[in-house]
2 protein chains.
Amino acid sequence: MFMAALGVVASCAAPRAVDPLPSWNDTAAKRAIVDFVTKVTTAGGPEFVPAPERIATFDNDGTLWAEQPMYVQLLFAFDRVKAMAPQHPEWTTTEPFASILKEDVEGALASGERGIVGIIAATHTGMATDEFSQTVSDWIAAAKHPTTGRPYTEMVYQPMLELLAYLRANDFKTFIVSGGGIEFMRPWTERVYGIPPEQVVGSAGKLKYEMRDGKPVLVKLAEIDLIDDKEGKPVGIQSHIGRRPIAAFGNSDGDLQMLQWATSGSGARFALIVHHDDAEREWAYDRQSHIGTLDKAWDEATAKGWTVVSMKDDWKVIYPAAK
Amino acid sequence: MFMAALGVVASCAAPRAVDPLPSWNDTAAKRAIVDFVTKVTTAGGPEFVPAPERIATFDNDGTLWAEQPMYVQLLFAFDRVKAMAPQHPEWTTTEPFASILKEDVEGALASGERGIVGIIAATHTGMATDEFSQTVSDWIAAAKHPTTGRPYTEMVYQPMLELLAYLRANDFKTFIVSGGGIEFMRPWTERVYGIPPEQVVGSAGKLKYEMRDGKPVLVKLAEIDLIDDKEGKPVGIQSHIGRRPIAAFGNSDGDLQMLQWATSGSGARFALIVHHDDAEREWAYDRQSHIGTLDKAWDEATAKGWTVVSMKDDWKVIYPAAK
């Protein structure tokens with residue numbers, strides 16, 4: 001009783017960590033992050049933001065994990081085509097499926113957006129959400145990156161994991177807002193990033209509720225509900241979150257509108273772009289890249305004073321130590 | 001230092017409240033709620049559910065607040081028609097607007113679903129989300145219920161407020177899943193129910209990101225994105241939450257599919273229906289009512305042993321004390 005009473009009176013907060021961002025070099029980017037978090041969490045300060053309004057949104061591909069040489073979800077789709085091929089004998093003579101089955105990635109990509117949409121429709125729709133979720137979980141537990149040989153879930157950026165944890169320790173609610181498929185991310189984001197399914201926003205198809213063998217299921221339809229990229233990101237944010245983020249994190253032109261939306265609200269705001277300039281430890285690409293093009297958003301970041309992170313100069317390490 | 005160390009060691013939990021549901025009579029409904037919460041939160045027990053999976057979804061109209069003599073959002077729309085009429089001289093001779101302007105509610109409703117859709121489109125679309133949110137906030141702060149004269153936000157059910165708080169105290173995450181408009185609810189659900197905007201699911205129109213005077217806005221379009229009712233409720237749940245609730249609360253046939261969806265998962269599940277049978281303190285309506293029809297869902301509740309709450313017998317009070 002005496003101890004319990006003391007427990008209520010004494011502080012429940014853990015002692016302050018020495019450095020919440022140990023994988024960040026002590027450069028301007030890190031200082032900008034810490035300054036922003038400090039000012040919005042300083043009670044009584046001019047830029048204090050109440051905890052429920054501390055919403056932070058993160059792009060996924062190229063911002064939280066690697067997106068080279070190709071989006072992970074596309075590699076998943078290619079693997080699904082191979083796994084499903086026995087049930088689709090017609091694929092051996094139909095593009096882009098035939099190229100995938102011959103391990104000819106360039107040939108498959110030559111089919112363009114139309115071909116990619118066909119691959120996604122064939123591998124991501126028609127099944128129940130629970131079934132798709134299980135397929136993703138099984139795949140991501142076993143799949144390995146084509147050049148590093150590591151599981152994709154270990155090709156996440158250690159400095160960004162620390163940033164997510166640092167924001168949450170300061171009562172931010174962290175969301176993913178990605179052009180990737182919402183149902184492709186949800187099975188593993190809680191384990192890998194500490195972000196639960198209800199805080200994942202992504203591209204989505206329509207769903208249909210129906211009874212199968214007397215049990216309700218939600219069937220994934222081919223009809224598109226939201227492309228959560230570019231102008232779609234603020235739309236996804238409003239639809240899922242319903243309030244404007246005070247901080248947003250991206251790496252490409254696909255994130256520009258999210259960064260505009262977050263920073264155009266009143267009060268303290270923060271926008272950060274991860275620049276892939278480390279060919280040795282990761283990949284180096286920006287204005288001319290087909291994946292993760294960083295061109296207009298880079299110009300706007302410069303003009304508006306957003307924080308641009310150099311992976312080469314600002315990060316001590318890229319990936320977590322191998323498990 | 002000594003105190004701080006004790007603080008970490010001693011329990012941080014508040015002392016157990018004597019009765020978390022004081023407005024509930026000690027009947028089977030209350031016992032079913034407490035039994036369910038106890039078993040899913042008992043660590044090491046056979047039906048324990050980890051905190052992140054403790055998702056509870058609540059219908060709004062007729063479950064958390066009154067829906068008679070008409071949905072509150074429809075009364076809002078009628079008031080908006082009157083406020084906007086000076087800019088729409090043609091409305092004086094166009095139905096259903098002309099009837100609304102003559103205070104002829106029955107005449108307006110006689111326009112049927114097509115007329116209602118027209119009223120919603122005229123009053124809920126075309127503006128920016130921020131502007132609509134402000135309009136709702138202003139309206140709900142001033143509007144009064146036509147028969148009780150109380151603010152709508154005081155015509156919420158006290159026993160349900162206690163239930164929401166009880167679930168959250170047991171690490172449930174509480175969501176609204178309503179046929180009502182998502183942007184109509186978000187401006188006040190945090191204050192009234194303790195449910196933040198990102199935990200509100202509702203019917204929604206498409207949004208469009210655009211620049212107005214150099215500032216980004218999200219414009220509410222007339223095109224429908226989701227009707228979050230009946231089969232739409234599990235769809236809205238999957239889209240926004242991404243995992244199946246373990247408990248769901250409703251009052252009408254519009255909630256049936258949500259209750260089916262929640263209860264068809266594995267492990268402990270809970271479904272509850274509020275039955276409006278208290279003509280004296282609230283309203284009495286069920287199978288024959290046009291608003292909040294409770295017919296098929298009542299039969300299924302009986303067949304499956306879901307909890308059916310009698311407002312008359314199970315609740316000591318209906319509304320919170322007037323402020």
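These numbers were taken from a predicted model, which means no experiment stands behind them. We name chains A, B, ... by the order of the sequence lines, and we start the count at 1 in each one.
- Relative ring orientation between A:Tyr152 and A:Trp139 is described as parallel, the plane-to-plane angle staying below 30° on a 0-90° scale split at 30° and 60°.
- At a 4.5 Å heavy-atom cutoff, the contact between A:Thr129 and chain B is made by side-chain atoms alone.
- Contacts of B:Asp225 with chain A are made by both backbone and side-chain atoms, with heavy-atom separations under 4.5 Å.
- The interface of residues 189-203 of chain B with chain A, defined by heavy-atom distances below 4.5 Å, comprises B:Glu190, B:Pro196, B:Pro197, B:Glu198, B:Gln199.
- Heavy-atom distances place no part of B:Leu226 under 4.5 Å from chain A, backbone and side chain included.
- Both the backbone and the side chain of B:Leu218 have a heavy atom closer than 4.5 Å to some heavy atom of chain A.
- B:Ser264 and B:Arg244 share a donor-acceptor pair across their side chains, judged by distance under 3.5 Å alone.
- By the 30° and 60° cut-offs, the orientation of the rings of B:Phe184 relative to B:Phe76 is tilted.
- Side-chain contact annotation: A:Gln134 with A:Asp138, donor-acceptor N/O pair under 3.5 Å present.
- Of the atoms belonging to A:Lys230, not a single heavy atom falls under 4.5 Å from chain B.
- Nearest heavy atom pair, residue B:Ser178 against residue B:Asp228, reads O-OD2, 2.8 Å.
- Contacts with chain B (heavy atom to heavy atom, under 4.5 Å) involve these residues of residues 247-261 of chain A, listed by number: A:Gln257, A:Gln260, A:Trp261.
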